[in-house]
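The shown structure was predicted, so the numbers you read here are calculated from the model rather than taken from an experiment. Each residue takes its place number in the sequence, starting with 1.
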Amino acid sequence: MASERESFDLSGPLHLTYVLWDNPYHRMSVAACLVQAVYILERDRQENREGSDALAPPWWTFFHFQLLRPLVDDVDSSIFGAIYEFKPPSSQSNDTLYRSPRYVIAFRGTLTKAHSVSRDVELDIHFIRQGLHQTSRSNIAIQAVRNTVATVGDSNVWLAGHSLGSAMALLTGKTMAKNGNFIESFLFNPPFVSAPLEKIKDERVKHGIRFAGSVITAGLTLAMKAKQQPKDLIIDPFTALSAWVPCLFVNPSDHICSEYIGYFEHRRKMEDIGAGVIERLATQNSLGGLLMGAFGKESEPLHLIPSASVTVNVSPASDFKEAHGIHQWWQPDLRLEYKLYNYK
């Protein structure tokens, strides 16, 4: 049985009858709805809802997008992503269309339904272990993005994702950025592999824990580099990534993504107290990744990025489900705080 949240007429942003593509709230809302459409595409598949019974199409047709094709997992045949093409009516007069995308590639997060939950949880575990890049789903996603960018260029493409889907969008975005393709990206509630330090109220305690973690991580990084042979040394990947500025949308009441707030703010504080060199090493590496490297295992800590536009939803959330949900990002009258971070 369909839920109210799956119906665009009941839960969608009906107030966005005219999209201003240079308006950050409008862009955020459209991207979030296209991610929601991927969730419902998979639910339509699971429930055998076709034709007029399908609930997904209004989530993209309302904004004049067409579904180019779904992205299907090769393990369980679930729909985990979609490629949309923007097809505005020729009669529409909109001076902001130059800021609109030509294509949007969106990825959903974990679905807690029997038909797909086991595969999604498996990928969640791969993310935590910093091995999402080694999965077949990520290969399908990266290839789809590469093909699209090769056809129309990176300036005409958006990436979007929620939760696990944000991790997938982050992986594809980082992969493309390392090759000089900087894709506009909308990452909703992106997971951060860390203890939820943002829940600590005492700022001194919180800063002290983060400072200690930075010193340990930086020390281990230097120790690992000292053991490397000159031929093993490569260009710092942050140098290539720093020009890519994905848009992160986080909620402080969501412990899955809230650490991004502290991740960037702590680096700013470390710069302010003259410990920028330590934090520069710490933010480029994770303890888990360093330990795996010591044992000769490859890892890709996706949550480590040098630059981002961070939007924080400070509107009150009734519970974790609301704080982590995709629906919050197109609600009217949101209380949002915005900061831009750019480090190398």
Side-chain angles (χ1 to χ4, degrees), residues 31 35 71 80-81 83 101 103-109 123-124 126-150 153-194 217 221 234-250 256-257 259-260 263-264 267 280-286 288-290 292-293 297-310 340-344:
V35 173
L71 300 177
F80 71 91
I83 304 176
Y103 293 94
V104 177
I105 304 174
F107 306 100
R108 66 166 176 83
L123 290 160
D124 288 331
H126 276 293
F127 171 79
I128 294 171
R129 292 178 175 174
Q130 302 181 13
L132 188 64
H133 64 296
Q134 297 172 325
T135 65
S136 59
R137 182 182 289 190
S138 70
N139 291 334
I140 295 169
I142 291 171
Q143 195 58 52
V145 174
R146 280 178 175 159
N147 291 343
T148 306
V149 169
D154 55 11
S155 63
N156 292 304
V157 179
W158 283 6
L159 289 174
H162 173 249
S163 194
L164 174 62
S166 274
M168 194 66 69
L170 189 55
L171 171 60
T172 56
K174 288 179 74 171
T175 301
M176 299 302 292
K178 290 174 183 177
N179 293 310
N181 299 120
F182 306 112
I183 305 176
E184 189 151 4
S185 302
F186 299 79
L187 311 178
F188 300 98
N189 302 84
F192 194 102
V193 182
S194 170
T217 303
T221 301
I234 58 174
I235 297 175
D236 176 9
F238 267 36
T239 301
L241 288 176
S242 60
W244 180 53
V245 187
C247 300
L248 275 57
F249 301 91
V250 302
I256 290 177
C257 69
E259 192 55 25
Y260 268 111
Y263 170 76
F264 284 108
R267 178 151 188 184
R280 194 171 300 118
L281 288 171
T283 53
Q284 295 176 21
N285 301 275
S286 70
L290 290 170
M292 291 178 69
K297 295 183 178 180
E298 182 189 357
S299 66
E300 174 62 61
L302 293 177
H303 58 289
L304 302 183
I305 51 177
S307 306
S309 165
V310 181
L340 178 64
Y341 301 93
N342 195 296
Y343 299 107
K344 294 184 179 179

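- Taking CD1 of Ile105 as the reference point, atom OG1 of Thr148 lies at 3.5 Å (rounded to 0.5 Å).
- Taking the side chain as every heavy atom from C-beta outward, Leu164 and Arg137 approach each other to under 4.5 Å.
- Thr175 is linked by a side-chain hydrogen bond (donor to acceptor under 3.5 Å, both in side chains) to nothing, counting only residues two or more places apart in sequence or in another chain.
- A distance of 9.0 Å separates CZ in Phe107 from CG in Leu171, rounded to the nearest 0.5 Å.
- Asn147 is linked by a side chain to side chain contact (heavy atoms under 4.5 Å, CB included) to Gln143, counting only residues two or more places apart in sequence or in another chain.
- In this structure, Lys174 contributes its side chain and Leu304 its backbone to a donor-acceptor pair below 3.5 Å.
- Without hydrogens or angle criteria, Ser166 side chain to Gly161 main chain gives a donor-acceptor distance under 3.5 Å.
- Going from atom OG of Ser185 over to atom CG of Leu248 covers 9.5 Å, rounded to the nearest 0.5 Å.
- Between the side chain of Ser307 and the main chain of Ser242, a donor-acceptor pair closer than 3.5 Å is present.
- For Ala144 against Leu71, the heavy-atom pair with the smallest separation is CB-CD2, 3.8 Å.
- Shown here are the ring-ring contact (aromatic ring centres under 6.0 Å, His included) partners of Phe249, two or more places apart in sequence or in another chain: Phe188, Trp329.
- Inter-residue side-chain proximity for Phe264 and Val310 is flagged as met; some heavy-atom pair is nearer than 4.5 Å.
- Here the shortest heavy-atom pairing between His133 and Gln130 reads CE1-O, 3.3 Å.
- Taking OG1 from Thr135 and CD1 from Ile140, the interatomic distance works out to 8.5 Å, rounded to the nearest 0.5 Å.
- Separation of atoms OG1 (Thr172) and CZ (Arg146) is listed at 10.0 Å; rounding is to 0.5 Å.
- Applying the side-chain hydrogen bond (donor to acceptor under 3.5 Å, both in side chains) rule to Ser309 yields no partners; only residues at least two apart in sequence or on another chain are considered.
- Put simply, the side chain of Pro101 does not reach to within 4.5 Å of the side chain of Val157, judged on heavy atoms.
- Note that CZ of Arg108 is 9.0 Å distant from CZ of Phe80, once rounded to the nearest 0.5 Å.
- In terms of heavy-atom proximity, Tyr260 sits nearest to Pro190 at CE1-O, 3.5 Å.
- For Asp154, the side chain to side chain contact (heavy atoms under 4.5 Å, CB included) test picks out Val149, Asn181, Ile183, with sequence neighbours left out.
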### Chi angles and distances behind the side-chain contact (heavy atoms from CB on, under 4.5 Å) call for Asn189, Ile256
CA-CA 7 Å; Asn189 302 84; Ile256 290 177; 6.0 Å; no
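- When atom types are taken as modelled, the side chain of Ser138 and the backbone of Leu132 share a donor-acceptor pair closer than 3.5 angstrom.
- With sequence neighbours left out, Ser155 forms a side chain to side chain contact (heavy atoms under 4.5 Å, CB included) with no residue at all.
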